[in-house]
Each structure stands twice: as C-alpha cells, then as structure tokens.
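To start, the structure itself, in structure tokens.
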2 protein chains.
Amino acid sequence: MSYTLPTDSELEILQVLWANGLCTVRFVNDKINEHREVGYTSTLKTMQLMMDKNMLDRVIEERTHYYKAALAEETTQKSLLDEFVASTFRGSASSLVLRMLGDGDTNLDEIQKIKAIISEFENQNQNL
Amino acid sequence: MSYTLPTDSELEILQVLWANGLCTVRFVNDKINEHREVGYTSTLKTMQLMMDKNMLDRVIEERTHYYKAALAEETTQKSLLDEFVASTFRGSASSLVLRMLGDGDTNLDEIQKIKAIISEFENQNQNL
DNA sequence: ACAAAGGTACGATATAAATCGTAGGTTCAA
DNA sequence: TTGAACCTACGATTTATATCGTACCTTTGT
C-alpha cells in the first residue's frame, strides 16, 4: 500500500530485481557497478530502507539473504510515467510521443514496435 | 551549453516560462501557487540560481525584471525523456508506450492524437 | 515627507537522498 | 584454531535541493 514513488537509487535497485527475480545484495550491487561505482554498504543500506518502506521482501535461506521487489514493475512504471508526463509534458501524453519520434534518434526497431503496439491497441478497442 | 538537466523545481519554473514567455518572478510564483504553496522568495532564489546556470535570461525594463527560458522546451524535454526512458524503462521506448496505453486511464482524446502522430510520422518516412 | 507595499539579493537553514565507515557476526580453508 | 573473506546492521556524514528570513532598495498614495 505504499504510494510513495521510488527514488532514483531505489529504482535502480528495483530494475535489477525485476530483471532477475530473487537476488542477494552482492548480486544487485555488482549489477549496478556495471554502470556506475557504488559501495556495497551503500546498496545494502538502501535496500534495508526499502524493506522498511515495504518496497522489498526478504527471504532468508541457508543464512543467505535474498531480496525481491514487493512493488509490481507495471504499476510502478505507470505511476512514474504519470508523474513524468505531468511534470515534463504538462500532462500531455501525446506531446511525449511527439517528442519521442521528433528527432531521428529513437531507433527504427523501437519505432516498429511502437507501431505494432498502437495497432494492437486499436484492434482490441474496435468499439472506440 | 548547459547539459545539466533541470531539477524538479527548476522544471516547474521553466514550464511557466515556456507557456507564457517573458514573466516576472511574481507571475511565475503566482502560477506555481495555483498548484502548491511556495513562498515568493523561494521562487526568486531558484530563478536567480537558474540565471547563474544560464538556464534563464533576464530583461530589465522600466525597473521591472522579466525572465525567460534560455533552454529550449523541445531539447530539454527530449533530454529529460531520454533519461527517464533509460532509468524507468531500461531504455525501451516501446515499453513506455505499452505502459501508457496499458490501463484504460489515458484519455481517448490523447490516444487519438497519438495515433495521428504515428501516422504522420509514417507518411513522412515512407522510405522506412 | 513618509509609511505602506512591493521589489531584489543573498546567507542560513531545512529536508531528502545517497554514501560510507565501522562494529560485530559467520564460514571456511590452511 | 585462527585469520581471511565474506556477511549484516546501523549511525554518521555528505551532497543536492528547496525553502525561507531578513536587509535593504524603489515606488506610490496620502
């Protein structure tokens, strides 16, 4: 029931957990260090705070602590997206899309996928 | 030439300036206070810091200070969007779109606009 | 002429987030 | 059996941001 959005480093941790399921702190920290340098205890501390906020669940097995995300990826992304559209695009989802396609740097493969998603959406909503 | 992204309250100020052109601090602060309470001097201070960062330009006319955005709306939104897609959707623009259409709460009018943007984009890129 | 109303400048402070050091526990191999 | 290499817990600190108080201007109405 936590409606506070994850912070940047919380999100970074959630991404690892969403992509990998049950993980140790060591694993999460190693993954993050593939992108930027951060100490093990920093990651640990953040994950402990996330436990307090009920953003993570912990399973202890054979004395090893495993963590997994307690927040669903879909709903968390949706909340962050809504917030982002509001603050950056004054609430207009369509201007986000416009900006996304605007300059040529979104890759073609992604654009194909987006078109597919839109058609799919249309088919499922013929009633509109 | 500033490539640091605006913070939340900087963005809030930029939105007012993008939407309204030349503004006084008073005007910007009043606009923001339509949404949340914040003191005049807080807004002033933030705008002065933004001046230091070259995010704003100032015009003094008849002893009144007017400010305008020195950052373009389009490029700033694009930078913020890229950052957001990276951190929240692991770089996948299409999964952002999927999430956007996912549950029924993006309004139909916006969806129509998005479809129009996509078709427009296709027409302008028949070569793809 | 001066008080009230409004402005700017800017230091100080508050708040939130992220980072890390250190203490102390467990495991395991030499 | 001891020390190296792991681990967890957690307080303290750092950093970035946001907020505000206060000093000191200028303008304007009476």
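Sequence lines set the chain letters: A, B, ... in the order given, protein chains first and strands last, and positions in each chain run from 1. Since the structure is predicted, the reported quantities are computational estimates derived from the model, not experimental observations.
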[X] [atom1] - [N] [atom2] separation (whole Å):
| X | N | atom1 | atom2 | value |
| --- | --- | --- | --- | --- |
| B:Q48 | D:dC20 | CD | C1' | 13 Å |
| A:L44 | C:dA18 | CG | P | 15 Å |
| B:E61 | C:dG7 | CD | P | 17 Å |
| A:M47 | C:dA18 | CE | P | 14 Å |
| A:H65 | D:dC10 | NE2 | P | 11 Å |
| A:R63 | D:dC7 | CZ | C1' | 12 Å |
| B:Y67 | C:dG7 | OH | P | 12 Å |
| A:Y66 | D:dC7 | OH | C1' | 13 Å |

Test question: given the 4.5 Å side-chain rule for I, L, V, M, F, W and Y, name all other residues clustered with B:Y66, or answer none.
B:L22, B:V59
B:T7 meets the side-chain contact (heavy atoms from CB on, under 4.5 Å) criterion, sequence neighbours left out, with B:S9, B:E10
Kindly check if the number of other-residue, nucleotide or ligand heavy atoms within 6.0 Å of CG (A:D8) is above 12?
no
Is the count of non-hydrogen atoms from other residues, nucleotides or ligands lying under 6.0 Å from B:E34 atom CD greater than 12?
yes
Mark up nucleotides 12-19 of chain D, 5' to 3', with B wherever a protein heavy atom is under 4.0 angstrom from a base atom, S wherever such an atom reaches only the sugar-phosphate, and - elsewhere.
-----SSB
Flag, side chain of B:Q15 to backbone of A:S87, donor-acceptor distance under 3.5 Å
yes
Mind checking whether A:M100 and B:V97 have side chains closer than 4.5 Å, heavy atoms only?
yes
Distance test, side-chain N/O of B:R26 to OP1/OP2 of C:dA5, below 4.0 Å
no
